[in-house]
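Computed from heavy atoms alone, side chains included, the values below leave out hydrogens, waters and symmetry copies. The sequence lines fix the lettering, A, B, ..., with proteins before strands; numbering per chain opens at 1. What you see is a predicted model; the values in this text were computed from it and never measured.
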Number of protein chains: 2
Amino acid sequence: MWKNELTTLLNINYPIIQAPMAGGPTTSELVAAVSNAGGFGMVGAGYMSPNQLRNQICEIRELTEKPFGINLFVPSKYTADPEKLRTATALLQPIMDELQVEEGPVLPTFERDLITFQEQVNIIIEEKVPICSFTFGIPSPQVVTKLKENSIVLIGTSTTVKEAVMIENAGLDVVVVQGAEAGGHRGTFHGQENDSLIGLMSLLPQTADAVTIPLIAAGGIMDGRGIMAAKCLGAIGVQMGTAFLVCEESGANSLHKNAIMEASEDHVVLTKAFSGKMARGLNNRLIEVIKQYEGVLPDYPLQNELTKAIRKSSAAIGTTAHMSLWSGQSPRLAKKLTVSELMNKIINEAKSLNQKL
Amino acid sequence: MWKNELTTLLNINYPIIQAPMAGGPTTSELVAAVSNAGGFGMVGAGYMSPNQLRNQICEIRELTEKPFGINLFVPSKYTADPEKLRTATALLQPIMDELQVEEGPVLPTFERDLITFQEQVNIIIEEKVPICSFTFGIPSPQVVTKLKENSIVLIGTSTTVKEAVMIENAGLDVVVVQGAEAGGHRGTFHGQENDSLIGLMSLLPQTADAVTIPLIAAGGIMDGRGIMAAKCLGAIGVQMGTAFLVCEESGANSLHKNAIMEASEDHVVLTKAFSGKMARGLNNRLIEVIKQYEGVLPDYPLQNELTKAIRKSSAAIGTTAHMSLWSGQSPRLAKKLTVSELMNKIINEAKSLNQKL
């Protein structure tokens, strides 16, 4: 029941992909453990410097001989609107004072982001990483061609049928279909984020009817039930974030892991507070404070930089009040396990469910 | 693969329930056709007078000997805020002028709604309708007891795990789990509508782990793929609205049916514009006009009464601009078929998918 086009393409035993959660969770231990267990580990390299990326690739190779992948954020244009920056800074100042944050933000620029992206792509080619996935857009035809010339399998991320079609048309090999259930940032890159919040029950079959490349389902999937359901709806693999985020090997802050373990599905909200881009996580004070100003925040990734020191400081003093607690809509299904225990559990669940159907 | 606790309880061949879409779609022809095809037809009686309800029950019994059910809206308290009513009336006046609507609204009261609900319950008992489902809340213990004394099977509607637990604790027999994908009104009755938009991929397994009564999955399900996926996630039946709404036997306006046939998943939005309560449907002019005033609209069902003549008039002159075009998030899966053709199609799809798994 596990072998398919995707397991062949990725050279893995089970079509279970660990979501590339940028910003800490995807330690080398996590990525290697998933690949060693027969799944596919991924590095969330969106916020990494080229050096950090190269070091992590080497580190993972010390821990596993199995394939793993890298996820990159495709840069998109933004402008630093001085008024929005002033508003956001003023909003955040009382929190910075309270947390005694003194570190000021170093604002990114689109030009700098483009250079970093190009450097990340070059490292992937140099290090012969076999699989590369993208979030927030489709890389340029030049980048796609260059990666494909180096036999690198390319995975896009879609939140609507149109985006999946665009990804197929751009020549990518596989598409991750991100349902509204998914934790972390919305991958939406075409159209409005608000119009792209489509549950997997709807999004998967509609996407399956519109594209021919293999689909990977992402959003709310935490166990064998979700894997089998995704299969019924037309996906041939799943990408799981929250389920792996709470694992022992994950680098997520333990406050974050514990908050998910104690949460219920109705505590998981959508917010732009942390980065300027819509993302799903557990509700907390920062989200509530920023809520009514979501329409006037600086563009991603500017807002992300503005809140960086606050998030860090909140974690350092041991409170979740101002941390980004990314989570999908299924926190009640989270289990504190090792990766190997989790993989065994979900594989057995899927097998036994398959027999019952 | 079809027989289970639910098919036994409802005395049907296939655990496929036609959603009780209030306000027109659930003609006697539709309800009877679904039941005659081995599924379970339901009357959306939420807006019906006791006489209308009694007449439709008799009419359906002329068309089928199979069981069918009735859905009622559980009244909840609201107050007529004069300022909100003034604001909404002022907002709607230009549209009323444009459409030459002269009919003024007859505002309902909670007391009157309670009496109607009680009368509807009495008719269900007198007419020995075997199954009754509820939306927007749980009926009082007195009503539950009275219906159960008459051996009527009771179905609640939940949008969160907590609501499903409340429904089970109130002694109802079955719970419809309404995912964020669902078209029409959100059934949310506990907590905030915004916190209760949970995709079925997340909501079903979390609910299945929390209650012991049978689950019916609702939201975005239009074909055999959705039925099998719902089964994997812990439901033993499905409730389908949009799929039946576009059927030949449905009483939905043909403008509404055609709009769904032409829509894509990202045209389906959430709005309070039509009724004051959150509902999902195709975007149009009325939704856009009211959008920024959603926070100050009169409570449901007051706003529903305020927009009634506008919706009617919009349909009469043949434009969808001001109609409520309820739809789930899977319009691309809609097929214009007869009920019997649709039932055959989805049953065959589910069977063939089952063999492939």
Side chain from CB out, backbone as N, CA, C, O: work out which of these in A:Lys162 comes under 4.5 Å of a heavy atom of chain B, or both, or neither. both
Test item: B:Thr8 and B:Asn4 side chains (from C-beta on) under 4.5 Å apart, heavy atoms: no
Side chain / backbone / both / neither for B:Leu197 at chain A, heavy atoms under 4.5 Å: backbone
Looking at side-chain heavy atoms only, is the closest gap between A:Met261 and A:Val246 below 4.5 Å? yes
Could you go through B:Asn258 and B:Lys336, starting from their C-alpha distance and side-chain angles, then the distance that decides it, and tell me whether this counts as side chain to side chain donor-acceptor pair (under 3.5 Å)? CA-CA 9 Å; B:Asn258 291 339; B:Lys336 268 204 172 172; 2.6 Å; yes
Given a strict heavy-atom distance threshold of 4.5 Å, which part of A:Thr160 is in contact with chain B: side chain, backbone, both, or neither? both
Most heavy-atom pairs under 4.5 angstrom with chain B, which of A:Gly234, A:Pro205, A:Gly179? A:Pro205
Heavy-atom pairs under 4.5 Å with chain B: which of A:Ala208, A:Gly219, A:Cys232, A:Gly224 has the most? A:Cys232
Could you check if a side-chain atom of A:Ser76 sits within less than 4.5 angstrom of a side-chain atom of A:Phe136, using non-hydrogen atoms only? no
When B:Lys272, B:Arg186, B:Arg280 are each screened for salt bridge (charged side-chain N to carboxylate O under 4.0 Å, His left out) with B:Glu193, the one that passes is B:Lys272
For A:Met1, is it the side chain, the backbone, both, or neither that has a heavy atom closer than 4.5 Å to a heavy atom of chain B? neither
Exactly one candidate in A:Val175, A:Leu6, A:Val174 meets side-chain contact (heavy atoms from CB on, under 4.5 Å) with A:Ile155; the answer is A:Val174
Taking A:Lys356, A:His267, A:Glu265, A:Met228 one by one, which has the highest count of heavy-atom pairs under 4.5 Å against chain B? A:Glu265
Using the benzene-type ring in the case of Trp, are the ring centres of B:Tyr14 and B:Phe40 under 6.0 Å apart? no
Please check if the side chain of A:Thr242 supplies one atom and the backbone of A:Gly328 the other of a donor-acceptor pair under 3.5 Å. yes
Chain B interface, residue from A:Ala229, A:Gly226, A:Ser196, A:Gly220 that has the most non-hydrogen pairs under 4.5 Å: A:Ala229
The interface call for A:Leu353 against chain B, heavy-atom contacts under 4.5 Å, is side chain
Tell me which of these, A:Lys231, A:Gln206, A:Arg332, has more heavy-atom pairs under 4.5 Å with chain B than the rest. A:Gln206
For chain A, which candidate among B:Asn194, B:Leu333, B:Leu200, B:Leu270 shows the most heavy-atom pairs at distances under 4.5 Å? B:Leu333
Applying a strict 4.5 Å limit to non-hydrogen atoms, the region of A:Val161 in contact with chain B is both
Ranking A:Gln192, A:Met222, A:Arg225 by heavy-atom pairs under 4.5 Å to chain B gives rank one to A:Arg225
Strictly under 6.0 Å, is that where the ring centroids of B:His185 and B:Trp326 end up? yes
